[in-house]
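Data block below; observations after.
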Amino acid sequence: MSSDALTGSSMNSELTRLTAAELAQKIHSREVSAVEVTQAHLDRIAAVDDRDEGVHAFLHVDASAALSAAALVDESLDAGTAPASPLAGVPLALKDVLTTSDMPTTVGSKILEGWRPPYDATVTARLRAAGIPILGKTNMDEFAMGSSTEYSAYGVTRNPWDLRRIPGGSGGGSAAALAAFEAPLAIGTDTGGSIRQPAAMTGTVGVKPTYGAVSRFGLVACASSLDQAGPCARTVLDTALLHEVIAGHDPMDSTSIDAPVPDVVEAARRGASGDLRGLRVGVVRELSGEGYQPGVRSTFEAALRQLEALGAELVEVSTPHFRYALAAYYLILPSEVSSNLARFDAMRYGLRVENGATSAEEVMALTREAGFGPEVKRRIILGTYALSSGYYDAYYGQAQKVRTLISRDFAAAFEQADVLVSPTAPTTAFPIGDKVDDPLAMYLNDLATIPTNLAGTTAMSVPSGLAPEDGLPTGLQIMAPALGEAVMYRVAAAYEAARDAEDGGPLIQRVPGLEVSA
Amino acid sequence: MSADSGAITRAEVAHLARLARLAVNDQELDVFADQLDVILGAVARVGEVAADDIPPTSHAVPLSNVFRPDERRAGLTQEQALSGAPAAEEGRFRVPQILGEEE
């Protein structure tokens, strides 16, 4: 410890710039305490996360719970006990869609304002068991419906690269917390791109694991056949370390896959050596053509050249049904939403609005009217329509068939290539307010990310540079077959190392300082 | 987008909202009817795919009949189950009237 050599704040700001792997090494070697690391991040949150002018990544911060969890890690390490996990003592930001027995869980919605769940999600429980202090709960589009975090009932999250812009969504809070150095680790959930698109827009890394790889127990449902929680961080290795903490079979989730977790940490370490010889990278024709901002295309083309330079063989693949993915998704998702959100009935938990109404039915209708925001209502109505008799076959039934065809397209593409690549999002972060009243324009954000959710496969976003025209980050999406996370992490780590070498350091170090308020 | 998608009317939106127990106001009805019309026009393109002989996928991972061992285990206590209730009485959820007087 050298607290006399540095002032508290400069030492703290130094700690927040480190990767999770570096922090873990320092904590486990007792160079710094877990409490100091957690306090440094709490200080950073206090400095930059103001709701009205700052990043506003967090809806709820629990300093005392985080510091207590960190103190337990310190005690255990001081007693000579081995760390509970490779990330023990490294703090994390948790998306407010996963239940926490000691903090509110709002899902960004008024209907759950102040709700304290009676149990922990499996992901939450695994984080606690791994000795990872939870700093707080992060902002999100209401019920994870949105691509900008503007549909949160508690105010927008701002992109640390430019506070006038959105951080992506629905997991904009988790991604912004990473980019603003408020947390070195975060958890997101990805139903149609809610981990990957915010990662791309904030210059961070985000992984949507294979459907069923991470337990959904305690994950407040948006669309159950698509929802998947996953790890977010600033480097591929940190993301892999977190992946291994949260993944694995859970008897509490009947859709959980009972198979060994791929060794993604080993894959990330191996990939960083930068050799991709013998690997076939498929460039998806349908996801690299029109509709992409020039800087998104140019950084993507540069990424392809880097992958080639690492020894990968580029092959063009065609997935003809991907052009119907967005349409199929916006029928399947609202249908599942309209059913899942029926549980918010004002009877057992959450908001109840009576307003003079006397029957249960009237109370339900008034409560749901007051408690849900416009995007949630739109999707409930759309889903109710798609499932109505007379429309079911043409809409929901046909969308399910398209889903089959998209899975077949993936299967055929993975015959020709080990991984597939595309830009993660069609544009860089757009200004706050730009698309909030145009649902269809908002939906187009998820063009490249949705096919993976429909097929239940895995994909991730890694930073791929800054678009020349606006200086904002872009993301490279890497897609792999179900349970193919290892090869995906290997490619991502190799690409990250090559890009960092070419740029002279990690992209994220170029994010503005954000001295918003002290 | 496609001309034959058929406009969704304000009355239909009101009917759907009632089915979904959403007490939407007049202004929302106007906005939603327009927006849903545009969205339905766009998603109707799933109909362009010839898929008569294609089986539907409801779930990406083929799993069936996942059971746990038939063993007793602790659930939530009564107190925990009622901890988030808008109203509780005598250890039960207190709810508004469910049956109408005429029933």
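Below, chains carry the letters A, B, ... as their sequence lines are ordered, and counting in each starts from 1. Bear in mind the structure is a predicted one, so any value in this text is a computation, not a measurement.
- Taken from CD1 in B:Ile8 to OH in A:Tyr391, the straight-line distance is 7.5 Å, to the nearest 0.5 Å.
- By the ring-ring contact (aromatic ring centres under 6.0 Å, His included) test, A:Tyr324 is found to be paired with no residue, residues two or more places apart in sequence or in another chain being considered.
- Using a 4.5 Å heavy-atom cutoff, the side chains of A:Met347 and B:Pro96 are in contact.
- Taking every heavy atom of both residues into account, B:Ser83 and A:Arg116 meet most closely at OG-O, 4.5 Å.
- Proximity to chain B is limited to the backbone of A:Asp437, based on heavy atoms less than 4.5 angstrom apart.
- Interface residue A:Ala455: only backbone heavy atoms are found under 4.5 Å from chain B.
- When heavy atoms are compared at a cutoff of 4.5 Å, A:Leu454 approaches chain B solely by way of its backbone atoms N, CA, C and O.
- Of the two parts of B:Gln80, the backbone and the side chain both hold a non-hydrogen atom closer than 4.5 Å to a non-hydrogen atom of chain A.
- Of the residues considered (A:Gly212, A:Pro374, A:Ser224, A:Ser388), A:Pro374 shows the highest number of contacts with chain B, using heavy-atom pairs under 4.5 Å.
- Take A:Asn355 and apply the side chain to side chain contact (heavy atoms under 4.5 Å, CB included) test, not counting sequence neighbours, and it matches A:Val353, A:Leu366.
- Inter-residue side-chain proximity for A:Leu326 and B:Arg45 is flagged as unmet; no heavy-atom pair is nearer than 4.5 Å.
- Annotation: maximal heavy-atom pairing with chain A below 4.5 Å, among B:Pro55, B:Ala20, B:Gly47, B:Ala23, occurs at B:Ala23.
- Nearest heavy-atom pair, A:Arg403 versus B:Ala60, reported as atom, atom and distance to 0.1 Å: NH2-N, 3.9 Å.
- Interface check for chain B: of the options A:Thr384, A:Thr457, A:Thr210, the most heavy-atom pairs under 4.5 Å are formed by A:Thr384.
- Only the side chain of A:Pro439 comes within less than 4.5 Å of a heavy atom of chain B; its backbone N, CA, C and O stay farther away.
- Of all heavy-atom pairs spanning A:Ser225 and B:Ser58, the tightest one is CB-O, 3.5 Å.
- Counting only residues at least two apart or on different chains, the ring-ring contact (aromatic ring centres under 6.0 Å, His included) pairs with a member in residues 357-382 of chain A are A:Phe143-A:Phe372.
- More than 12 non-hydrogen atoms from other residues, nucleotides or ligands lie less than 6.0 angstrom from NE2 of B:His59.
- Using a distance-only test at 3.5 Å, with no hydrogens or angles considered, no donor-acceptor pair links the side chain of B:Arg21 to the main chain of A:Glu361.
- Put simply, the side chain of A:Ser359 never gets that close to the backbone of B:Gln97: no donor and acceptor are under 3.5 Å apart.
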Exercise for the section: Under the side chain to side chain contact (heavy atoms under 4.5 Å, CB included) rule, what do B:Leu36 and A:Tyr385 come out as? Steps first, then yes or no, please. Expected result: CA-CA 10 Å; B:Leu36 290 169; A:Tyr385 180 82; over 6 Å; no

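- Contact of A:Arg323 with chain B is made through backbone and side chain together, with heavy-atom distances under 4.5 Å.
- Chosen from B:Gly84, B:Ala81, B:Ala17, the residue pairing most often with chain A at heavy-atom distances under 4.5 Å is B:Gly84.
- Between chain A and the residues B:Val31, B:Leu19, B:Val13, B:Val61, the most heavy-atom pairs under 4.5 angstrom are made by B:Val61.
- Within the 4.5 angstrom heavy-atom criterion, only backbone atoms of A:Ala346 (N, CA, C, O) approach chain B.
- Chain A forms more heavy-atom pairs under 4.5 Å with one residue of B:Ile39, B:Ile54, B:Val66 than with any other, namely B:Ile54.
- Using a 4.5 Å heavy-atom cut-off against chain A, the contacting residues of residues 71-79 of chain B are B:Arg73, B:Leu76.
- A:Ser338 does not touch chain B: none of its heavy atoms, backbone or side chain, sits under 4.5 Å away.
- Here the straight-line distance linking atom CG of A:Leu440 with atom CG of B:Leu40 works out to 10.5 Å at 0.5 Å rounding.
- Interface remark: A:Ser407 contributes no atoms to any contact with chain B (heavy atom separation under 4.5 Å).
- Here A:Leu331 is the residue among A:Ile380, A:Leu331, A:Leu226 with the most heavy-atom pairs under 4.5 Å with chain B.
- Listed options A:Arg348, A:His321, A:Glu362, A:Glu336 were ranked by heavy-atom pairs under 4.5 angstrom with chain B; first place goes to A:Arg348.
- The main-chain N or O of A:Glu369 is never found under 3.5 Å from a side-chain atom of B:Glu28 such that the two would form a donor-acceptor pair.
- Heavy-atom minimum distance, B:Ile98 versus A:Ala360: CG1-CB, 4.1 Å.
- In this structure, B:Arg92 places its CZ atom where only 12 or fewer heavy-atom neighbours from other residues, nucleotides or ligands lie under 6.0 Å away.
- Annotation: maximal heavy-atom pairing with chain A below 4.5 Å, among B:Val43, B:Val24, B:Leu82, occurs at B:Val43.
- Side-chain contact check for B:Val95 versus A:Arg352: some heavy-atom pair is nearer than 4.5 Å.
- Note: A:Lys377 NZ to B:Gln35 CD = 12.0 Å, rounded to the nearest 0.5 Å.
- Residue A:Phe344 does not touch chain B at all, counting heavy-atom pairs closer than 4.5 Å.
- Both the backbone and the side chain of B:Leu22 have a heavy atom closer than 4.5 Å to some heavy atom of chain A.
- When every heavy atom of B:Leu63 is checked against every heavy atom of A:Ser256, the shortest pair comes out as CD1-O, 4.4 Å.
- The NZ atom of A:Lys401 lies 5.5 Å from the CG atom of B:Asp52; values are rounded to the nearest 0.5 Å.
- Looking at A:Tyr443, only its side chain comes within 4.5 Å of chain B, counting heavy atoms on both sides.
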Practice task
Test side chain to side chain contact (heavy atoms under 4.5 Å, CB included) on B:Leu16 and A:Leu382 and set out the steps.
Solution key: CA-CA 8 Å; B:Leu16 292 164; A:Leu382 185 60; over 6 Å; no

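- Heavy atoms closer than 4.5 Å to chain B are found in both the backbone and the side chain of A:Thr255.
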